[in-house]
Amino acid sequence: MIEHLTAETFKQKVFNYEKNNEWKFEGDKPAIIDFYADWCSPCKMVAPILEELAKEYEGKLNIYKVDTEAEQELAAVFGIRSIPSLLFIPLNDQPQMAMGALPKDTFKKAFKDVLGVE
């Protein structure tokens with residue numbers, strides 16, 4: 001199930017950037033965050049792929065979406081300049097950012113290689 005995050009829910013579920021200077025993941029499963037906007041064509045191409053992956057990987061990782069138009073503070077904190085921008089967050093390691101619309105097999109490879117999820 002894909003969850004849309006606001007700045008408030010982001011701080012609870014992903015990273016409280018107001019309290020911590022260093023990265024400290026608040027989640028209990030690896031996660032991916034899709035920074036998108038409704039008007040963005042490549043974002044619209046990624047959306048159904050993420051929906052499919054959310055079903056396939058249910059219980060193994062969390063998939064979140066952040067609307068960069070509505071959540072400009074979050075976009076600024078992560079320096080989002082182009083969308084879609086995808087943040088891959090392993091449980092015990094530094095997050096990694098990828099840009100652009102990725103095909104499904106690239107997501108699956110990143111889930112395995114970056115997040116340790118198969």
Inset, instruction - Anything under 30° is parallel, anything over 60° is perpendicular, the rest tilted; go ahead and classify Phe10 against Tyr17. - result: tilted
Inset, instruction - Using only heavy-atom distances, determine whether the side chains of Tyr57 and Glu118 contain a donor-acceptor pair under 3.5 Å. - result: no
Inset, instruction - Answer yes or no: is there a side-chain heavy-atom contact under 4.5 Å between Pro84 and Met99? - result: no
Legend entry - ILVMFWY network linking Val66 to Trp39, side-chain heavy atoms under 4.5 angstrom: yes
Legend entry - Any Pro90 side-chain heavy atom under 4.5 Å of Pro30 side chain: no
Legend entry - Within 45° cone and under 6.0 Å: Lys65 NZ/CZ vs Tyr36 ring: yes
Inset, instruction - Give, for atom OG of Ser85 and atom CG of Asp34, the distance between the pair rounded to the nearest 0.5 Å. - result: 9.0 Å
Inset, instruction - Would you indicate whether the side-chain heavy atoms of Pro95 and Trp23 approach each other to under 4.5 Å? - result: yes
Inset, instruction - Look up atom CZ in Phe78 and atom OG1 in Thr68, then write down how far apart they are to the nearest 0.5 Å. - result: 13.5 Å
Inset, instruction - Please list, chain by chain and in numerical order, all residues satisfying salt bridge (charged side-chain N to carboxylate O under 4.0 Å, His left out) with Lys13, sequence neighbours excluded. - result: Glu3
Legend entry - Phe88 vs Phe107 side-chain heavy atoms within contact, under 4.5 Å: yes
Inset, instruction - Give, for atom CG of Leu102 and atom CE of Met45, the distance between the pair rounded to the nearest 0.5 Å. - result: 10.0 Å
Legend entry - Spacing of Glu71 atom CD and Glu8 atom CD [to the nearest 0.5 Å]: 9.5 Å
Inset, instruction - Kindly give the heavy-atom pair with the smallest separation between Pro42 and Ala101, and that separation in Å. - result: O-CB, 3.8 Å
Legend entry - For Ile83 against Ile80, the heavy-atom pair lying closest together: CG2-CG2, 3.8 Å
Inset, instruction - Answer whether the closest heavy-atom distance between the side chains of Asp28 and Asn62 falls below 4.5 Å. - result: yes
Legend entry - hydrophobic_cluster_shared for Val77 and Ile89, side chain cutoff 4.5 Å: yes
Legend entry - Approximate separation, where rounding is to 0.5 Å, of Ile63 CD1 and Lys29 NZ: 11.5 Å
Legend entry - Test log, rule side chain to side chain contact (heavy atoms under 4.5 Å, CB included), inputs Leu87 and Gln96: CA-CA 6 Å; Leu87 187 65; Gln96 294 183 30; over 6 Å; no
Inset, instruction - Nearest 0.5 Å please: distance from the CG atom of Leu61 over to the CG atom of Leu53. - result: 8.0 Å
Inset, instruction - Apply side chain to side chain contact (heavy atoms under 4.5 Å, CB included) to the pair Phe25 and Phe15, showing each step before the final yes or no. - result: CA-CA 5 Å; Phe25 184 45; Phe15 173 56; 5.9 Å; no
Inset, instruction - Answer yes or no: is there a side-chain heavy-atom contact under 4.5 Å between Tyr64 and Val14? - result: yes
Legend entry - Minimum-distance pair of heavy atoms, taken over all atoms of Ile2 and Ala54: CG1-CB, 3.8 Å
Inset, instruction - Could you check Leu86 against Ile32 for side chain to side chain contact (heavy atoms under 4.5 Å, CB included), going step by step and ending with a plain yes or no? - result: CA-CA 7 Å; Leu86 301 142; Ile32 176 175; 4.2 Å; yes
Legend entry - Contact check, side chains of Asn20 and Glu26, non-hydrogen atoms, under 4.5 Å: yes
Legend entry - Step-by-step side chain to side chain contact (heavy atoms under 4.5 Å, CB included) determination, Glu52 to Lys104: CA-CA 9 Å; Glu52 286 175 31; Lys104 188 174 180 179; 2.7 Å; yes
Inset, instruction - Check whether any side-chain N or O of Asn16 sits under 3.5 Å from a backbone N or O of Glu18 as a donor-acceptor pair, and report yes or no. - result: yes
Legend entry - Minimum side-chain heavy-atom gap Phe111-Lys60 below 4.5 Å: no
Legend entry - Short N-O contact, Lys108 and Glu56, less than 4.0 angstrom: yes
